[in-house]
Amino acid sequence: MRVLVSGGAGYIGSHTVLALVAAGHDVVVVDDFSNSKPTVIGRLESLSGAHVPVHSFDLTDADKTERLFAHEQIDAVIHFAGFKAVGESVTRPLAYYRNNLESTFSLVDAMNRHGVTRFVFSSSATVYGEKAPVPYREDYENLSSSSPYGQTKVMVERVLSDVAHISEGWKVALLRYFNPVGAHPSGRIGEDPQGVPNNLMPFIAQVAVGRRERLTVFGDDYPTADGTCERDYLHVEDLAAGHVAALEHLDDMAEPARAFNLGTGTGTSVLELLRAFERAVGRELPYEVGPRRAGDLPAFWADPTRANTELGWHATRTIDDMCADTWRWQSANPHGFPDA
Ligand code: UFG
């Protein structure tokens, strides 16, 4: 298939581009590089051996989106592009709703005009909110999220599901990611957050490489085995493979829209992840315990049974693989991707 990957220069998008090319698909990237560097593309081309055509614009521009579909032959869309910082979304809610919803509307409109009916959406475990029983299962109905960012995921899932149900031939996979970490085993691409990392793994990696003094563990008085929060970390290479599996499953899907958890099914605590990273680096890393971060849930992980059985997808990489690959990327690229 010829797949339009929105946000294909970003962390998960770039790894998925490589997985798509390796599986024999053609890729077209659309990215406005607002949270990624154009130098990613050259690395994708050298790693994949394929030309990666890039359209550089903001998908909330419906006219440009329409022109892209008029110009390129597209069989399917994987939609990663979006604002994704939970904390920032609380202070800039309208920017998050506008960007994450408008970009989806532009894509859906252009797809409808050009007869493209296959859609894979980058959703998040955050749609399960605070009350869903753990492990999270896709048949949980009361989706809601405490942050505007998470709420855009709930809303876009609903928009796509409603569109798919009334549009002839539409098939939508809603992929609910747990906590993606790790990097391509080449060490050539990986997560490159701008500014202070919000997420645990890139923060630990920057401590290890000397860019940050120490990790602050946000609370050690949670009702978990060691008192720190537990999350379902999955390797970005497994996650990328999950997108290929979902894409290739769309035509066989009985329902117009279906959600799939992409996670390992096990929780790992903040301190366990730190210890694993220390094993990868071969030395201890400095940390202190600070107060809880507002909005953090004590522990959650996926029930990945649906993705296992229906997509034939399983997360296979271990926490040690995730840390080793993150460290290879971070140590070879201490300041992330070069500007040019
Ligand atoms: N943590 C620290 N110190 C840090 C950063 C994080 O102790 O410097 C802790 C957090 O308190 C949490 C755990 O590490 O307990 C994981 O935090 P992340 O920010 O890495 O991940 P979250 O689970 O909070 O967030 C992720 C995604 C979001 C998504 C959310 C809910 O990044 O996009 O899961 O599904 F919304």
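Whatever order the structure lists them in is the order used to number ligands and atoms, beginning at 1. Starting from 1, each residue takes its place in the sequence as its number.
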> Can you tell me if Tyr128 has a non-hydrogen atom under 4.0 Å from ligand 1?
Replying inline: no

> Which residue owns the protein heavy atom closest to atom 9 (C) of ligand 1, what's the atom, and how far is it?
Replying inline: Val270 CG2, 3.8 Å

>> Within ligand 1, which atoms have a heavy atom of Val217 less than 4.0 Å away?
In response: 7 (O)

> For atom 3 (N) of ligand 1, what's the nearest protein heavy atom and its distance?
Replying inline: Thr216 O, 2.8 Å

>> If only side-chain N and O atoms count, and only distance matters, is there a donor-acceptor pair under 3.5 Å linking Glu310 with Asn308?
In response: no

> Does at least one non-hydrogen atom of Gly150 fall below 4.0 angstrom from an atom of ligand 1?
Replying inline: no

>> At under 4.0 Å between heavy atoms, is it the side chain or the backbone of Tyr149 that contacts ligand 1, or both, or neither?
In response: side chain

> For atom 15 (O) of ligand 1, which candidate among Ala299, Ser145, Cys229 holds the nearest heavy atom?
Replying inline: Cys229

>> Tell me whether Phe218 has any N or O atom under 3.5 angstrom from an N or O of ligand 1.
In response: yes

> Any side-chain donor paired with an acceptor under 3.5 Å for Tyr97 and Gln151?
Replying inline: no

> Can you find a side-chain donor-acceptor pair between Arg176 and Tyr128 that sits under 3.5 Å?
Replying inline: yes

> When Glu191 is tested against each of Val236, Thr326, Val181, Asn199 for side-chain contact (heavy atoms from CB on, under 4.5 Å), which residue passes?
Replying inline: Asn199

>> Side chains of Arg328 and Asn333 only: does a donor on one sit below 3.5 Å from an acceptor on the other?
In response: no

>> Yes or no: does Phe300 have any heavy atom under 4.0 Å from an atom of ligand 1?
In response: yes

> Side chains of Asp220 and Thr228: donor-acceptor distance under 3.5 Å anywhere?
Replying inline: no

> Who gets closest to atom 34 (O) of ligand 1 by heavy atom: Ile204, Asn179, Thr224?
Replying inline: Asn179

> Can you name the nearest heavy-atom pair linking Ser6 to Ala81, along with the distance?
Replying inline: OG-N, 3.1 Å

> Tell me: protein heavy atom nearest atom 23 (O) of ligand 1, and distance?
Replying inline: Arg231 NE, 2.7 Å

> For ligand 1, does Tyr233 get within less than 4.0 Å through its side chain, its backbone, both, or neither, judged by non-hydrogen atoms?
Replying inline: side chain

> Nearest protein heavy-atom contact for atom 24 (O) of ligand 1: which residue, which atom, what distance?
Replying inline: Arg293 NH2, 2.9 Å

> Which atoms of ligand 1 sit under 4.0 Å from any heavy atom of Ala125?
Replying inline: 35 (O)

> Which residue supplies the protein heavy atom nearest to atom 27 (C) of ligand 1, what is that atom called, and how far is it?
Replying inline: Asn199 ND2, 4.1 Å

>> I need the minimum non-hydrogen distance between Thr152 and Tyr96, along with the two atoms involved.
In response: CG2-O, 3.6 Å

> What residue and atom, counting heavy atoms only, is the protein's closest point to atom 29 (C) of ligand 1, and at what distance?
Replying inline: Ser124 OG, 3.7 Å

> Nearest non-hydrogen atom to atom 31 (C) of ligand 1 belongs to which of Val86, Thr228, Asn198, Thr126?
Replying inline: Thr126

> Considering all heavy atoms of both residues, which atom of Asn261 and which atom of Ala307 are nearest to each other, and what is their separation?
Replying inline: O-CB, 3.4 Å

>> For atom 6 (C) of ligand 1, which of the options Asp296, Leu200, Val181 provides the nearest non-hydrogen atom?
In response: Leu200

When the side chains of residues 237-246 are checked against the rest of the protein, which donor-acceptor pairs come out under 3.5 Å, sequence neighbours left out?
| residue | atom | partner | partner atom | Å |
| --- | --- | --- | --- | --- |
| Asp238 | OD1 | Thr316 | N | 3.3 |
| Asp238 | OD1 | Thr316 | OG1 | 3.3 |
| Asp238 | OD1 | Arg317 | NH1 | 2.5 |
| Asp238 | OD2 | Thr316 | N | 3.0 |
| Asp238 | OD2 | Arg317 | N | 2.9 |
| His243 | ND1 | Leu239 | O | 2.8 |
| His243 | NE2 | Tyr177 | OH | 2.6 |

> If you measure from the Lys or Arg side-chain nitrogens to the Asp or Glu carboxylate oxygens, is any gap between Arg2 and Glu72 under 4.0 Å?
Replying inline: yes

